[in-house]
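Below: one structure, written as structure tokens.
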Amino acid sequence: MTTTEEKPAIDIDDVDLEFIEIIKKTGGPNIHNCYQCGTCSGSCPAGALTNFLVRNTIRKALLGLKEEVISSPDLWYCTTCYACTDRCPQDVKPTDVIKAIRNIAVAEGYMLGSHQKVAAKVVEAAHAVPLDKESWQNLRVKVGLEPVPPNASGNPWAVDEIRKITKKSGFEKLIGYREFVKAQKEKAKKKAEEKKAQKKE
Amino acid sequence: MAKKRPAFYHFLGCVTPHRYPSVERATNLVFEDLDMDLLDMVGATCCPAPGVFGSFDRVTWASIAARNLTIAEQGGHPITTGCNGCFASLFDSNYELKHDEELRKAVNENLAEIGREFKGSIEVTHYVDALFDTAGLSKIRKHVTHPLKGVRMALHPGCHWLRPSAIKKKDNSERPHIFRELCETSGATYVPYKDELICCGAGGAVRTADLEVSLRFTKQKFESIIAAGGADMIVTPCPFCLLQLDLGQVEISKLFGVDFNFDILHVSELLALAFGHSPNEFGLATHLQYLQRKSQPNWGRLGIET
């Protein structure tokens, strides 16, 4: 058991009631239906394996504990399997609530580096898992297919369309795409310089 | 007059064409055998991954998904995809855009930038739907020339074809039968196990966020299959689940020091085998666990003579 000495009690006075309204607008319109039965957490495979508790997240959100909810690393252990959504007797649609809270977390700057990387891949290549090595093309040939599929991998115009969408929607800015690309370039440059220096030695 | 051949726009996604091309090849063979046409979706992109992009920004997620839908809308045929994740993004966005005026407006504003518009004129299906509903089990059974007799088959249906069931309206998500009946046409013996319906662990951006946690789901599944007496193979209708269960065994060995030895087949690959195609015809041995372990499928256990 965790005592308040080990982990201080949450200050319930520090609430942001606008938070609930934003959740409702961002894809979790039924959050107010929750009567805390716990069917969601009882159905949750992530709940059985990690500290993530759906009921706890929803209760905290309803109390307006925005910072507490959006900054929690546990928020990212939901695999969006929708087991809770199928069983919720109050039609809260907890998975959609979790996704809405994640949208708010990302907008407030709580995005994991690994997630930024996968988001940047879609902006850059229009595929989260791109055809980024010759060996993947060879694998396709080996099974009797064309080396490049008819998707965006062989059609740069499709990548351009994704760039236009993500620019217009504000997604590029949201994930810090330009800064990310700049940092990647600097990293690659530094690596190349180090390699060069090693060769000289 | 001859009956018109069913035609689908084939949405490939990312994992199938870029990491598990054997699934793409097997699908082409099976659909051809069943007199169903698969049409290229030229310039289709990432669906984009529902639990990932849907968790980052719902409007951008729906806009990229809707752009993919417009490619099919222009040709007027339904879409079919063999990935639960792609199916979720395309099906759910198609549904949400038809029911949420505000979202539709925001998405069409983004699409106007590239001269496209979501109209909501086509349906999105999964291979499971195309096989079960359009081809039908009796036609499939007629093509099974090489039944996988005596092969014990555990199933991993995955999440997003079934759930959320209020929107998907496919099968009873507590006691599903459609995917099982489809797989049973192969002649293999269904092995039930306790954790059949839990997630593989990869979804919702968890595999990207924390590989070890995502693999704990996978390991729990494998242990549940072993507790049920074991299986000769695991069959799934999703390439991302396939990656998690297949490559995941290599990763579990490294991270947890526990070895599992399951052959993981996509349902298209299972049917290709049952229809008499040799595993070399579609490249079953190119699954990433075999390439990384420098191993081969357990041919004997799969009932395949080499």
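Order of the sequence lines fixes the chain letters, A, B, ..., with proteins taken first and strands second; residue numbering starts at 1 for each chain.
Atom CD of A:E193 has more than 12 neighbouring heavy atoms from other residues, nucleotides or ligands inside a 6.0 Å radius.
Formation of a donor-acceptor pair under 3.5 Å by the B:S55 side chain with backbone atoms of A:R102 is not found in this model. Looking at B:R25, its side chain does come within 3.5 Å of a backbone N or O of A:V143 through a donor-acceptor pair. Between the side chain of B:R19 and the backbone N or O of A:W136, no donor-acceptor pair lies under 3.5 Å. B:D57 contributes no side-chain N or O that, together with a main-chain N or O of A:N103, makes up a donor-acceptor pair within less than 3.5 Å. Side-chain atoms of B:R58 do not come within 3.5 Å of backbone N or O of A:G27 as any donor-acceptor pair.
Ranked by heavy-atom pairs under 4.5 Å with chain B, the list A:P156, A:G170, A:A119 is led by A:A119. When each of B:V15, B:T60, B:L111 is scored by its heavy-atom pairs under 4.5 Å with chain A, the top score falls to B:T60. With chain A as partner, the option from B:E174, B:E109, B:H10, B:R207 having the largest number of non-hydrogen pairs under 4.5 angstrom is B:E174. Looking only at heavy-atom pairs under 4.5 Å with chain A, the residue among B:H160, B:M41, B:E102 that has the most is B:H160. Heavy-atom pairs under 4.5 Å with chain A were tallied for B:T286, B:L12, B:D100, B:I198; the largest tally goes to B:T286. Taking chain A as the reference chain and counting heavy-atom pairs below 4.5 Å, the highest number among B:G283, B:S165, B:G51 is found for B:S165.
With rounding to the nearest 0.5 angstrom, the CZ atom of B:F56 is 5.0 Å from the NE2 atom of A:H115. To the nearest 0.5 Å, atoms NZ (A:K142) and CG (B:N280) are separated by 9.5 Å. A distance of 14.0 Å separates CD1 of B:I114 from CZ of A:R163, quoted to the nearest 0.5 Å. Separating the OG atom in B:S22 from the CG atom in A:L139 is a distance of 7.5 Å, to the nearest 0.5 Å.
B:E96 does not touch chain A: none of its heavy atoms, backbone or side chain, sits under 4.5 Å away. Of the atoms belonging to B:N110, heavy atoms from both backbone and side chain fall under 4.5 Å from chain A. Contact of B:A209 with chain A is made through backbone and side chain together, with heavy-atom distances under 4.5 Å. Heavy atoms of B:F217 lying under 4.5 Å from chain A belong to its backbone as well as its side chain. Both the backbone and the side chain of A:N151 come within less than 4.5 Å of a heavy atom in chain B. Of the atoms belonging to A:S153, it is side-chain heavy atoms, and not backbone ones, that fall under 4.5 Å from chain B. Contacts of B:L291 with chain A are made by side-chain atoms alone, with heavy-atom separations under 4.5 Å and no backbone atom involved. Neither the backbone nor the side chain of B:V59 has a heavy atom closer than 4.5 Å to any heavy atom of chain A. Contact annotation for A:A46: both backbone and side-chain heavy atoms come within less than 4.5 Å of a heavy atom of chain B. For B:E281, the part lying under 4.5 angstrom from a heavy atom of chain A is the backbone only. Residue contact with chain A, scored on non-hydrogen atoms closer than 4.5 Å, is absent for B:L243. Of the two parts of B:D195, neither the backbone nor the side chain holds a non-hydrogen atom closer than 4.5 Å to a non-hydrogen atom of chain A. When heavy atoms are compared at a cutoff of 4.5 Å, A:L49 approaches chain B by way of both its backbone and its side chain.
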Q.
Evaluate B:I64 against A:T166 for side-chain contact (heavy atoms from CB on, under 4.5 Å), listing each step before the verdict.
A. CA-CA 8 Å; B:I64 297 176; A:T166 52; 4.2 Å; yes
**Q.** Stepwise side-chain contact (heavy atoms from CB on, under 4.5 Å) test for A:I165 and B:R67
**A.** CA-CA 9 Å; A:I165 290 177; B:R67 180 193 165 276; 3.9 Å; yes
**Q.** Candidate pair B:V52 and A:V118, rule side-chain contact (heavy atoms from CB on, under 4.5 Å), full reasoning
**A.** CA-CA 9 Å; B:V52 184; A:V118 73; 3.8 Å; yes
**Q.** Derivation and outcome, side-chain contact (heavy atoms from CB on, under 4.5 Å), residues B:E24 and A:L145
**A.** CA-CA 8 Å; B:E24 186 179 333; A:L145 293 165; 3.7 Å; yes
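Using bins of under 30°, 30° to 60° and over 60° for the plane-to-plane angle, the ring pair B:H18/A:H127 lands in the perpendicular bin.
The pair A:E161-B:R116 meets the salt-bridge criterion, with a side-chain N (NZ, NE, NH1 or NH2) lying under 4.0 Å from an Asp/Glu carboxylate O.
Contacts of residues 62-89 of chain A with chain B at a heavy-atom distance below 4.5 Å involve A:W76, A:Y77, A:C78, A:T79, A:T80, A:C81, A:Y82, A:A83, A:T85, A:D86, A:R87, listed in sequence order.
Minimum heavy-atom separation, A:R140 to B:P17: NH1-O, 3.0 Å.
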